[in-house]
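Quick caveat, the model's predicted, so the values are computed rather than measured.
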Amino acid sequence: MHLTPSPLTMAPRDALGCTASTLVHDDELDAGGVRVYRKAVTTTQLGPVETAPSDRGLLLGISLAPGHRRRILHARHASTHDFGCGAIYLRDFGERYRADMKTGFDFLLVEFPQAVLRQATERPLAPGALLAASPVGAHDTVLHHLALALLPALGRPQPGCGLFIEQVTAAMAAQLLLRAGAAQPAGTRPRRRLSPRQEARAKEMLAMRVDGDQSAQAVAEACGLSRSYFIEAFRETTGQTPYQWVQAQRLARAQALLAQPGLSLAAIALACGFADQSHFTRVFTRHMGMPPGTWRRGAGH
């Protein structure tokens with residue numbers, strides 16, 4: 001079998017083995033130790049992909065466009081795979097990965113450290129079970145929709161988006177575990193709830209960073225819980241996800257500040273942790289049904 005020369009010796013590669021100069025989308029964010037990427041190339045910028053073995057965990061890829069084909073080079077054979085929109089693949093960073101890209105691609109990718117997956121599982125997981133349950137090119141509607149939900153935050157990060165990304169990637173990990181039979185569907189297991197002490201501690205920590213970006217992982221550790229358990233238990237206990245709760249606190253603070261006529265909308269946006277006045281206006285309008293300036297005038301201020 002003829003193999004192309006090792007791309008690791010041909011051109012600079014990024015963390016996922018792509019030739020950085022060929023990428024038309026090259027976005028990356030870290031949220032609580034889970035890294036999220038968007039990588040895309042056109043049909044005129046194709047190149048091989050290769051990564052050396054490491055202990056980085058697992059990589060989930062979700063195709064955002066149809067028509068991608070790649071040839072994966074294994075130790076003793078090669079296999080060709082076609083990806084439709086919403087098709088997935090899962091690979092272990094512990095093994096060398098080599099693939100020749102036959103067409104352009106657009107993928108959202110999530111790098112899960114092994115520790116994150118171990119925390120999320122509810123029962124012992126046989127080696128390779130996750131990989132076997134998610135064959136290359138399989139379609140997963142849930143993972144596809146979750147990937148689409150991440151795109152705005154990845155393309156234009158805003159203050160507070162880390163908490164949202166942690167929630168979505170936790171849901172992705174849960175879906176992978178569900179595919180492998182290592183987790184129960186949410187509606188079939190006992191309800192998870194925070195104790196009064198855990199709830200108070202979580203709200204205290206989240207409120208301290210309403211104008212910044214608190215980590216769900218940090219709050220979960222303070223409550224003695226895994227991140228996935230904490231996120232679900234917080235929602236069961238309060239009726240809101242941690243991100244929704246923080247957003248509600250920001251909006252409540254904004255309403256209080258709007259009652260002070262001397263403060264500009266730009267100053268209120270900054271004080272409440274929004275990226276700028278435009279971001280504040282979009283979020284406020286979506287939740288309150290009117291722009292903040294209109295709300296202020298209607299409140300008599």
Side-chain angles (χ1 to χ4, degrees), residues 29-34 36 110 112-113 115-125 142-143 145-150 152-153 158-256 271-274 283-284 286-289:
L29 281 176
D30 181 282
V34 176
V36 181
V110 184
F112 290 105
V116 170
L117 295 172
R118 282 196 300 269
Q119 288 180 359
T121 189
E122 298 174 353
R123 62 190 70 175
L125 190 62
V142 172
L143 290 173
H145 287 166
L146 290 171
L148 294 177
L150 284 176
Q158 305 284 2
C161 72
L163 192 58
F164 174 74
I165 292 171
E166 283 186 87
Q167 292 175 187
V168 176
T169 56
M172 287 178 162
Q175 177 65 8
L176 289 175
L177 293 167
L178 187 61
R179 290 178 65 95
Q184 295 176 276
T188 65
R189 61 178 175 239
R191 294 180 65 187
R192 295 172 168 177
R193 297 184 67 87
L194 300 176
S195 69
R197 183 175 181 178
Q198 289 171 327
E199 180 182 359
R201 179 60 175 147
K203 289 181 175 179
E204 177 187 23
M205 291 184 67
L206 291 170
M208 287 173 61
R209 297 292 299 274
V210 164
D211 59 349
D213 198 0
Q214 183 60 274
S215 164
Q217 180 68 35
V219 180
E221 290 176 356
C223 293
L225 304 170
S226 71
R227 173 169 47 192
S228 58
Y229 190 104
F230 163 70
I231 291 172
E232 184 175 339
F234 189 94
R235 183 178 63 246
E236 289 286 347
T237 304
T238 68
Q240 297 175 304
T241 66
Y243 176 75
Q244 289 170 334
W245 189 88
V246 167
Q247 196 78 291
Q249 305 312 301
R250 286 178 170 172
L251 291 171
R253 178 183 293 185
Q255 287 175 288
C272 296
F274 296 99
V283 174
F284 192 96
R286 183 168 65 249
H287 287 270
M288 305 303 296

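One distance of note links CG of D30 with CD of E166; it measures 8.5 Å at 0.5 Å rounding. Here C161 contributes atom SG and L29 contributes atom CG; the two are 5.5 Å apart, rounded to the nearest 0.5 Å. The distance from atom CD of Q247 to atom SG of C272, rounded to the nearest 0.5 Å, is 10.5 Å.
Nearest heavy-atom pair, A149 versus F164, reported as atom, atom and distance to 0.1 Å: O-CE2, 3.6 Å. Between L143 and L176, the closest heavy-atom pair is CD1-CD2, 4.0 Å. For the residue pair A31 and G162, the shortest heavy atom distance occurs at CB-O, 3.7 Å. Taking all atoms of both residues into account, the shortest heavy-atom contact from L206 to P242 is CD1-CB, 4.3 Å. Nearest heavy atom pair, residue W245 against residue A207, reads CZ3-N, 3.9 Å. Pairing each heavy atom of G33 with each of P113, the nearest pair is O-CG, 3.3 Å.
Taking Q255 as the reference, F284, M288, W295 meet the side-chain contact (heavy atoms from CB on, under 4.5 Å) condition, with sequence neighbours excluded. For T238, the side-chain contact (heavy atoms from CB on, under 4.5 Å) partners at least two apart in sequence or on another chain are E199, K203, F234, Q240. In this structure, R193 has no salt bridge (charged side-chain N to carboxylate O under 4.0 Å, His left out) partners at least two apart in sequence or on a different chain. For E221, the salt bridge (charged side-chain N to carboxylate O under 4.0 Å, His left out) test picks out no residue, with sequence neighbours left out. With sequence neighbours left out, A170 forms a side-chain contact (heavy atoms from CB on, under 4.5 Å) with I231. Applying the side-chain contact (heavy atoms from CB on, under 4.5 Å) criterion to A233, with sequence neighbours excluded, gives R192, L194, Y229.
Between the side chain of R227 and the main chain of S215, no donor-acceptor pair closer than 3.5 Å is present. Using a distance-only test at 3.5 Å, with no hydrogens or angles considered, a donor-acceptor pair links the side chain of Q214 to the main chain of M205.
For R286, the CZ atom is densely surrounded, since the number of other residues' heavy atoms within 6.0 Å is greater than 12.
Each of E232, Q167, R235 was compared with T241 under the side-chain hydrogen bond (donor to acceptor under 3.5 Å, both in side chains) criterion, and only Q167 meets it.
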